Asker: 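Let me give you the structure first, and then I'll get to my questions.
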There are 2 protein chains.
Amino acid sequence: MTDYVSGRTLQRAELARRTSCNLETIRYYEKTGMMPDPPRTASGYRIYDDSHISRLRFILRARELGFSVEQIRGLLTLVDDGTQTCAEVKDRTEQHLADVRAKIVDLQRIEKVLAETAAQCSGKDVPECPVLEALTSELP
Amino acid sequence: MTDYVSGRTLQRAELARRTSCNLETIRYYEKTGMMPDPPRTASGYRIYDDSHISRLRFILRARELGFSVEQIRGLLTLVDDGTQTCAEVKDRTEQHLADVRAKIVDLQRIEKVLAETAAQCSGKDVPECPVLEALTSELP
DNA sequence: GCTACAGTCTGTAGCAACTACAGACTCAAG
DNA sequence: CTTGAGTCTGTAGTTGCTACAGACTGTAGC
């Protein structure tokens, strides 16, 4: 468990800790091509550096925001593929921006319904709960 | 395929059609205890009525609003027990509302980043694209 | 009555996106 | 040189569906 060149390289558990990512998820992201195959020690241990931390943080953040793995792979291709023109990158960025905005609209719609139904709620022990009624009634 | 007592009973495909639910999903909800085991014809065909329609609509609606199956099971227990207080339902709804709002804030933050970086983009064929730099850097 | 064919039944396999485990190996400390 | 934690691999389980195979049922046409 040496092979540490300096404080700048880390192993899988340390990368997991620093990103609050599950240990196995790192391997999963590697298997599915989102994280690069990291260099290995002579005995086969993965070694990571700061670039892996930021890439993993990006992935986790995007996942948290509801991007699918496939979409994130798209975003990451922008990063990885240096042959793209700025115009292409802009296009794809704007497409993702549109996705994000659509998602916000969706969530705001949900927020509205939840807020309205919760507001109607008396909090008393009545059998007719407006929340349940709202959920069973026809969609807006 | 008779056994129809009147226009008030329906089979699985009809229930699916009326709720825009996938046929197999109904069986899945039954298996996982969200939908009750329906009565059957002599030959084993499931038969449903209006109560099944509203329960299934409730489930689908709640799923659409982002409640997990586990959370919905919780809501349904409140309904089924009859002992539910409106306050309990309100609590759970507001908890979920808080989750949704947090998600919106997150998305608005990434929206800002994406919009700003896309706006900086010249669209020309320059190798140094500001979007790529923004994507790889730390998210605020 | 008989056959064709749509609809239903069951169990099981697949999907995404993880998460957890078993069994073998490695490494640093005591 | 043993112990114990950390790592490796492949594979199985999780959630919330969705799809399929193969058997059975029911109705309509002949």
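Sequence lines set the chain letters: A, B, ... in the order given, protein chains first and strands last, and positions in each chain run from 1. All values reported here derive from a predicted model rather than from experimental measurement.
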Asker: Check B/L60 against B/T19 and note the closest heavy-atom contact, atom names and distance.
Answerer: CD1-O, 3.5 Å

Asker: Is there a donor-acceptor pair closer than 3.5 Å between any side-chain N or O of A/T25 and the backbone N or O of A/C21?
Answerer: no

Asker: Whole Å only: how far is the CZ atom of B/R17 from the C1' atom of C/dA6?
Answerer: 17 Å

Asker: Are side-chain N/O atoms of A/Q95 and A/D99 paired as donor and acceptor at under 3.5 Å?
Answerer: yes

Asker: Applying salt bridge (charged side-chain N to carboxylate O under 4.0 Å, His left out) between B/E30 and each of B/R12, B/R40, B/R55, report the one that passes.
Answerer: B/R40

Asker: Between the protein and nucleotides 1-3 of chain C, which nitrogen or oxygen pairs come in under 3.5 angstrom?
Answerer:
none

Asker: Any side-chain N or O of B/R46 below 4.0 angstrom from OP1/OP2 of C/dG7?
Answerer: no

Asker: Where along residues 24-36 of chain A does a heavy atom come under 4.0 Å from DNA chain D, residue by residue in number order?
Answerer: A/R27

Asker: Between the side chain of A/R57 and the main-chain N/O of A/R18, is any donor-acceptor distance below 3.5 Å?
Answerer: yes

Asker: In the strands shown, is D/dC30 matched to any nucleotide by a Watson-Crick or G-U wobble pair with both distances under 3.5 Å, and which?
Answerer: C/dG1

Asker: What integer distance in Å separates B/Y48:OH from C/dG7:P?
Answerer: 16 Å

Asker: Taking atom P of C/dA6 as reference, at what distance in whole Å does atom CD of B/E14 sit?
Answerer: 18 Å

Asker: For A/L23 and C/dA20, what is the distance between atoms CG and P respectively, to the nearest whole Å?
Answerer: 10 Å

Asker: Indicate whether OP1 or OP2 belonging to D/dT7 is found under 4.0 Å from a side-chain N or O atom of A/Q11.
Answerer: yes

Asker: If I compare all heavy atoms of A/A118 with all of B/K90, which pair ends up nearest, and what's the gap?
Answerer: O-CE, 3.2 Å

Asker: CG of A/L15 versus C1' of D/dC8: gap in Å, rounded?
Answerer: 16 Å

Asker: Side-chain N or O of B/R12 versus OP1/OP2 of C/dC9: is the shortest distance under 4.0 Å?
Answerer: yes

Asker: Just verifying a value: how many Å separate A/M35 CE and A/I59 CD1, rounded to the nearest 0.5 Å?
Answerer: 5.5 Å

Asker: Any side-chain N or O of A/R63 below 4.0 angstrom from OP1/OP2 of C/dC18?
Answerer: yes

Asker: Would you mind reading off the distance between A/E70 atom CD and C/dA17 atom C1', rounded to a whole angstrom?
Answerer: 12 Å

Asker: Taking only side-chain nitrogens and oxygens of B/N22, does any of them come within less than 4.0 Å of OP1 or OP2 of D/dC17?
Answerer: no

Asker: Sequence neighbours left out, what passes side chain to side chain contact (heavy atoms under 4.5 Å, CB included) with B/Q108? Give chain and number order.
Answerer: A/I104, A/Q108, B/I104, B/E111

Asker: Without swapping roles, check the side chain of A/S20 against the backbone of A/A16 for a donor-acceptor pair under 3.5 Å.
Answerer: no

Asker: Starting at OH of B/Y45 and ending at P of C/dG7, how long is that distance when rounded to a whole Å?
Answerer: 11 Å

Asker: Mind calculating the distance between CD (B/Q71) and P (D/dT15) to the nearest angstrom?
Answerer: 14 Å

